[in-house]
Amino acid sequence: DTCQIYDEGWFSSHDLLLIPADGVTGPCAVTDLAIADGVCEVTITIDGEETENLTNYHILLPVEKGSVTDTVIYISDTNG
């Protein structure tokens, strides 16, 4: 159960980073992820037909507390 994993003890040494993936309108996957010098770089690859169902994608990323101060998101569309 997720609630048992992310309990008060877990949050004492970790953060759960919530990254909104604005502009992603279709099936997607995180295809690259790097954290260095406080910057989290995420590459999202769109692989499939775009949808217009107003879906808002978010990435939840468990990280060590205080390790991320900024995020950079790259979006790659395999559909051309």
Side-chain angles (χ1 to χ4, degrees):
D1 184 47
T2 302
C3 292
Q4 292 174 342
I5 295 170
Y6 300 114
D7 62 6
E8 189 175 324
W10 186 88
F11 279 105
S12 69
S13 61
H14 295 83
D15 291 322
L16 194 55
L17 185 63
L18 172 65
I19 304 171
D22 296 334
V24 175
T25 59
C28 64
V30 173
T31 53
D32 193 27
L33 174 70
I35 298 175
D37 300 323
V39 178
C40 176
E41 294 185 0
V42 179
T43 301
I44 300 169
T45 300
I46 301 170
D47 188 16
E49 192 172 316
E50 286 190 24
T51 62
E52 302 218 8
N53 61 3
L54 302 176
T55 301
N56 294 315
Y57 290 96
H58 295 82
I59 300 164
L60 290 172
L61 179 65
V63 296
E64 289 183 30
K65 187 170 276 305
S67 65
V68 175
T69 58
D70 198 6
T71 58
V72 178
I73 299 175
Y74 304 101
I75 299 177
S76 172
D77 190 344
T78 62
N79 297 314

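All values derive from a computational prediction rather than experimental measurement. Residue indices begin at 1 and follow the sequence shown.
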Item checked: CA sep, side-chain torsions, deciding dist, call: L60, L17, side chain to side chain contact (heavy atoms under 4.5 Å, CB included) -> CA-CA 6 Å; L60 290 172; L17 185 63; over 6 Å; no
Answer whether the closest heavy-atom distance between the side chains of [X] and [Y] falls below 4.5 Å.
{"X": "H14", "Y": "P62", "result": "no"}
{"X": "V39", "Y": "V72", "result": "yes"}
{"X": "L16", "Y": "L61", "result": "no"}
{"X": "V30", "Y": "I59", "result": "yes"}

Check: Closest approach of C40 and L33, non-hydrogen atoms and distance?
Finding: SG-CD1, 3.7 Å
So how far is it from [X] [atom1] to [Y] [atom2], rounded to the nearest 0.5 Å?
{"X": "H58", "Y": "L18", "atom1": "NE2", "atom2": "CG", "result": "5.5 Å"}
{"X": "E41", "Y": "T71", "atom1": "CD", "atom2": "OG1", "result": "10.0 Å"}
{"X": "S12", "Y": "D7", "atom1": "OG", "atom2": "CG", "result": "8.0 Å"}
{"X": "I44", "Y": "D32", "atom1": "CD1", "atom2": "CG", "result": "11.5 Å"}

Next item on the list: Ignoring hydrogens and angles, tell me if any N or O in the side chain of T69 forms a donor-acceptor pair with the backbone of G38 under 3.5 Å.
Entry: yes
Notebook entry, point to check: Using the ring of each side chain (for Trp, its six-membered ring), is Y6 parallel, tilted or perpendicular to W10, with breaks at 30° and 60°?
Noted result: perpendicular
